Chemist: 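Here it is, the structure, as structure tokens.
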Amino acid sequence: MAGDRTGTALLVDLAAIVANYNLICAGLAAGAKCMAVVKADAYGLGAGPVAQALWRAGCRQFAVATIDEGMSLRAAFEDVPLEATPEIFVLHGLYPGTAEDFAAAWLTPMLNTPAQVGEWARFAESVGRPLGAGVHIDTGMTRLGLSPAEARDLAERPPRGVTVQVVMSHLACADEVGHAKNAEQLVAFRAVRGHFPAARASFANSAGTLLGPDYHFELVRPGIALYGGNPLVSGVNKFRQVAQLKAKIVQLHRVDTPRSVGYGAAHSITGPARIATVPVGYADGYLRSLSRRGIASINGVRVPVVGRVSMDLITLDVSRLAERDCAVGTEVELLGNTVTLDEVAASAGTIPYEILTRLGPRLRRSYIGEAA
Ligand SMILES: *Cc1c(COP(=O)(O)O)cnc(C)c1O
């Protein structure tokens, strides 16, 4: 089995990622394409293998958060011929003093402030060739981006040497389909993108993409949908599960006298029970908030996490399984097709994004699926 010597494995289904990508692409307005968001190491799943699989599926635009992520991602494409190498956009824009690194790795900054625009323009002038850029415009998120007025100034007095290739904005409430802010931001974005007629426009994250063709423009920017999370706060998740966290039972306790389980003696057993110990804990991103609330699956049978999640271990009440179906070495699914990402997130009181991005460095990632 893939994984480490304890049998713990984080399986990443690249075929499922590609299927999710194809599903998104199939629903896009004519002419729109998908810029895959692979920031934070592809939401913890491994930016290199994930981006390469998407590239093989036809994806030619990627977005990362930081320049360091961008440089690592570019290195993952070093064997690709120049004419087929993807565009890599850096959402956080141009950190002061990094222009040279951007250019050397063929990264495109999403410029967020007039100061960043100025620095990129000065750098273009110093190297004596035009440089491409994206421009992020704030239409209501108040996080990153030029104000609409700053964007208009930029369009009216374009700095020499900077070619605006993409104009983007980000939705604040796209996961709530009926939220009034979606339409408000759309109106604001349409107005401001009109100042940059030659640029491709990009507005929608995964949830925004599901709001319909008005939100697609030339490039959509899905992240969580590629990785199998439900982009919407409610409704059916039509995306395939990607991450599977599996581990093997390391010890079993047959209990017949009343006793407690784990730290804080937080769980009490009153009658006969069997408790299975599994070597995954909050150091692996199995969040402590899953204490008493998490569910695991053993051959499709759902069993509860009892007691507190510790750093490296959890305990399951496996009393409902026959002894022969649950022994030391039996495989347990903590995240996957039975206990889905959305369910784990809901049990932990968080969102799928946080579950994925917290999956820890101790977990060995193994890539499965056709594209692997
Ligand atoms: C993270 C991010 C995305 C992707 O969002 P999902 O909700 O995961 O689809 C898109 N655009 C920007 C600017 C982001 O920061």
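Predicted model only: the values in this text are computed from it and were never measured. Side chains included, hydrogens not; waters and symmetry mates left out as well; all remaining heavy atoms used.
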Chemist: Hey, are R362 and D284 close enough for a salt bridge, meaning a charged N less than 4.0 Å from a carboxylate O?
Modeler: yes
Chemist: Scan for salt bridge (Lys or Arg N to Asp or Glu O under 4.0 Å) pairs involving residues 80-105, sequence neighbours excluded, and state none if there are none.
Modeler: E87-R200
Chemist: What I'd like to find out is whether the side chain of R320 reaches to under 4.5 Å of the side chain of V301, using heavy atoms alone.
Modeler: yes
Chemist: Can you find a heavy atom in the side chain of I224 that is under 4.5 Å from one in the side chain of L356?
Modeler: yes
Chemist: Linking Ile, Leu, Val, Met, Phe, Trp and Tyr through side-chain heavy atoms less than 4.5 Å apart, which residues share a cluster with I269?
Modeler: V255, V261, I275, V306
Chemist: Please list, chain by chain and in numerical order, all residues satisfying side-chain hydrogen bond (donor to acceptor under 3.5 Å, both in side chains) with D138, sequence neighbours excluded.
Modeler: none
Chemist: What's the shortest heavy-atom distance between V318 and A276, and which atoms?
Modeler: CG1-CB, 3.8 Å
Chemist: Calculate, to the nearest 0.5 Å, the distance between atoms CZ and CG belonging to R274 and D317 respectively.
Modeler: 9.0 Å
Chemist: I need the minimum non-hydrogen distance between N182 and V177, along with the two atoms involved.
Modeler: ND2-O, 3.6 Å
Chemist: Determine whether T209 and I24 make a side-chain contact, defined as any pair of heavy atoms from C-beta on separated by less than 4.5 Å.
Modeler: yes
Chemist: Look only at the side chain of R221 and the backbone of S202, and say whether a donor-acceptor pair between them is shorter than 3.5 Å.
Modeler: yes
Chemist: Would R74 and T85 count as having a side-chain donor-acceptor pair, cut-off 3.5 Å?
Modeler: yes
Chemist: For residues 141-191, which residue pairs qualify under ring pair (Phe, Tyr, Trp, His ring centres under 6.0 Å), counting only residues two or more places apart or in two chains?
Modeler: F189-F203, F189-F217
Chemist: I need the full list of ring pair (Phe, Tyr, Trp, His ring centres under 6.0 Å) pairs touching residues 249-298, with sequence neighbours left out, sorted by first then second residue.
Modeler: none
Chemist: So, R240 and D13, do they make that salt bridge, N to O below 4.0 Å?
Modeler: yes
Chemist: Starting at CG of L94, measure out to CG of L107 and round the result to the nearest 0.5 Å.
Modeler: 10.5 Å
Chemist: Answer yes or no: does atom CZ of R60 have more than 12 heavy-atom neighbours from other residues, nucleotides or ligands under 6.0 Å?
Modeler: yes
Chemist: Measure the spacing between CG of L252 and OG1 of T315 and express it to the nearest 0.5 Å.
Modeler: 12.0 Å
Chemist: How about L219 and Q61: do any of their side-chain heavy atoms sit closer than 4.5 Å?
Modeler: yes
Chemist: Can I get a per-line list of side-chain donor-acceptor pairs under 3.5 Å for residues 30-55, giving both atom names and the distance, sequence neighbours left out?
Modeler:
| from | atom 1 | to | atom 2 | distance (Å) |
| --- | --- | --- | --- | --- |
| D41 | OD1 | A47 | N | 2.8 |
| Q52 | NE2 | A76 | O | 2.8 |
| W55 | NE1 | A84 | O | 2.9 |

Chemist: List the atom of K181, the atom of A172, and the distance in Å for their closest heavy-atom pair.
Modeler: CE-CB, 4.1 Å
Chemist: Side chains of P130 and R160, heavy atoms from C-beta outward: is any pair under 4.5 Å?
Modeler: no
Chemist: Rounded to the nearest 0.5 Å, what separates atom CG in L226 from atom SG in C59?
Modeler: 8.0 Å
Chemist: Counting the benzene-type ring for Trp, do Y95 and F102 have ring centres under 6.0 Å apart?
Modeler: no
Chemist: How close do A99 and W120 get, counting heavy atoms only, and between which atoms?
Modeler: O-CZ3, 3.7 Å
Chemist: Charged N to carboxylate O below 4.0 Å: is that the case for E331 and K248?
Modeler: no
Chemist: Keeping D256 on the side-chain end and A273 on the backbone end, is there a donor-acceptor pair under 3.5 Å?
Modeler: no
Chemist: Does some side-chain heavy atom of P352 sit less than 4.5 Å from a side-chain heavy atom of I355?
Modeler: no
Chemist: Compare all side-chain heavy atoms of L359 with those of R365 and state whether any distance is below 4.5 angstrom.
Modeler: yes
Chemist: Below 4.5 Å, heavy atoms only, C-beta onward: do R302 and E333 meet side chain to side chain?
Modeler: no
Chemist: Using the side-chain hydrogen bond (donor to acceptor under 3.5 Å, both in side chains) definition, which of the options E184, R190, Q185 pairs with T139?
Modeler: Q185
